[in-house]
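Read the structure below first, then the notes.
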Number of protein chains: 2
Amino acid sequence: MVRKPAKSGMKADAKVASTRKPNMREAILAAAEELFSTYGFNAVSVRDIAQAAGANPGSVTYHFKTKDGLLLEIYRRHCGPMNRRRSELLAAARRVRDLQDRLEAIVRAYVLPAFTSGSDLTGGGTRFTRLRAIMSAEGNEVVRKIIAQTFDDTSHAFIDAIHESLPHIPRTDLVWRGHFLLGALYYTLVTPERISRLSRGSADGTDAGHAIEELVRATVAALQAAPVDQGAPAPRKAPGVSLGRMLT
Amino acid sequence: MVRKPAKSGMKADAKVASTRKPNMREAILAAAEELFSTYGFNAVSVRDIAQAAGANPGSVTYHFKTKDGLLLEIYRRHCGPMNRRRSELLAAARRVRDLQDRLEAIVRAYVLPAFTSGSDLTGGGTRFTRLRAIMSAEGNEVVRKIIAQTFDDTSHAFIDAIHESLPHIPRTDLVWRGHFLLGALYYTLVTPERISRLSRGSADGTDAGHAIEELVRATVAALQAAPVDQGAPAPRKAPGVSLGRMLT
DNA sequence: TGAATATTTGGACGATAGTACAAATATGGT
DNA sequence: ACCATATTTGTACTATCGTCCAAATATTCA
């Protein structure tokens, strides 16, 4: 990480300029979370984190042993609350009578905790989700295990709930579409400025509330679409340009 | 990058083991493309690339001057053919009479070139698209300019074409949904094994043909969904769990 | 062929990476 | 106040990074 021209004359820390350092461990965690979720794991050095937290590089080693350990602790910190909140919202959504409303509630229960945090509300949710997005792209090995252990259960629970609302759609299609939802969610958090650019200013990609509504609306419609029956050939007349499966 | 136990005894290259080195520049480009699209830009060193190409690290500097220059050249190599192909398919799609079929053809014209390459067909398309996905997550500065210059025109052309097929949907919603498509596309290429895992083996995330069909089906449905009118409050009765905009 | 050019090689440079460790300092219980 | 413990500091180590460069080698064309 190179950024920051760094005005000379400052005392070399700055940070939030509130109380000095009531808990350095927390400051390091917060700084690491912010930097990792912005520039990725590989692009940020331990020294970058220490400086942003107003700490000494050695302190990072003391509290978290390794850089991987620091990342691991960030995940531990967030996974619990986020999945607990998701379970609560999912349970509430399951109790909705109307089938259409229930489906929407389920999707909302999946999306919402990704934008809001259990503990601190100041963008903590989007920050951690953005981190997860970047980590999945970088293919970090430390994270891959946590993902499979912590998130797959939740994903299965949601897919099952959706399948209950849409019994006529094969589970396979629902897996694909749920996957698309997560991809869309991640991409929106990683490059929100693209929304603003392409809409020529008439939309704000960083508006979490709007993003949620768009995500929910699009996903519910996608989930309800007719399934893609894999075995059978094109059932209707040639759909416009005919370039069906010409690869792999 | 650390990977590879590296069997001792080999001559330190291996590579594809076809003809020796007819064009080292191409070999370096191919190796860089493969490594970048797998591990990301930051995690791969120039030495990694040189070794994978059976070249000397100095050769990389000679041909591409800097590591950024190498990345730039990869983009230059692919952007032209891919966008040309997209334009062709889009033009063909626009000529489809039936409105429903036309919409599907347009979406297909957007998705298909991301999976197939103009020049070499051996996964070249998915490899470059996966690279773009990772680069957008890593927030690489060199790439950001190319994106805005090269891809925004194409994106606008597709959004406009979609808007013609769906005049009653505000452009803003179509921007969001097109954005979701790209995110879903990227995420599918970056973590295809998640599809296989969650579907418990009944689906293969690396099956490009299937992925395209699922993407097209889901996206067409999402595009056709009723717009999210931002100003107005919830039009229907409380949609299940009532947690509308409680953030930002 | 021979000279001009293009490419490859191997080694080196300074910068920065993650981590370790002993000394210095802050903290809390008695 | 004192001591045991927890934390912070400064520094140092080794490894690897991107890039550079002169010498060696391959290629091309008059």
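Chain naming here is simple, since letters A, B, ... match the order of the sequence lines and numbering starts at 1 in each.
One interatomic measurement links the two molecules: CG of L70(A) to C1' of dA17(C), which rounds to 15 Å at whole-angstrom precision. Between the C1' atom of dT27(D) and the CE atom of M24(B) lies a distance of 15 Å, rounded to the nearest Å. In this structure, the CD atom of Q51(B) is 17 Å from the P atom of dT8(C), given to the nearest Å. Between L29(A) atom CG and dT7(D) atom P there is a gap of 13 Å when expressed in whole angstrom units. What separates CZ of R25(B) from C1' of dT27(D) is a distance of 17 Å, to the nearest Å.
Nearest heavy atom pair, residue S196(A) against residue G205(A), reads OG-N, 3.3 Å. Scanning all heavy atoms of the two residues, the minimum distance from V44(A) to K67(A) falls at O-NZ, 2.7 Å.
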Under 3.5 Å, N/O pairs linking protein and nucleotides 15-20 of chain D:
residue, atom, partner, partner atom, Å
dC17(D), OP1, S45(B), OG, 3.3
dG18(D), OP1, K67(B), NZ, 2.8
dG18(D), OP2, V46(B), N, 2.9
dG18(D), N7, R47(B), NH1, 2.7
dG18(D), O6, R47(B), NH2, 2.9
dT19(D), OP2, K67(B), N, 2.7

When you compare the protein's N or O atoms with those of nucleotides 22-25 of chain C, which come within less than 3.5 Å of each other, and at what distance?
none

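In summary, the side chains of T66(B) and D68(B) do not present any donor paired with an acceptor at a separation below 3.5 Å, with no hydrogens or angles considered. A donor and an acceptor atom, one from each side chain of T116(B) and R85(B), are located under 3.5 Å apart. Using a 3.5 Å distance cut-off with no hydrogens or angles, the side chains of T191(A) and S136(B) do not pair a donor with an acceptor. A side-chain N or O of S45(A) and one of D48(A) form a donor-acceptor pair less than 3.5 Å apart.
At the phosphate of dT8(C), neither OP1 nor OP2 sits under 4.0 Å from any side-chain N or O atom of Y62(B). Regarding contacts with the backbone of dT7(D), every side-chain N or O of S59(A) stays at 4.0 angstrom or more from both OP1 and OP2. Under 4.0 angstrom from either OP1 or OP2 of dT8(C) there lies at least one side-chain N or O belonging to H63(B).
Checking each of F151(B), F128(B), F36(B), F41(B) against Y75(B) for a ring pair (Phe, Tyr, Trp, His ring centres under 6.0 Å) leaves exactly one that passes, namely F128(B).
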Handout entry: Y186(B) and Y187(A): CA distance, side-chain angles, deciding distance, ring-ring contact (aromatic ring centres under 6.0 Å, His included) verdict
Key = CA-CA 8 Å; Y186(B) 278 171; Y187(A) 192 51; 5.3 Å; yes
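At a threshold of 4.0 Å, the pair E26(B)-R77(B) counts as salt-bridged, since one of the basic side-chain nitrogens sits closer than that to a carboxylate oxygen.
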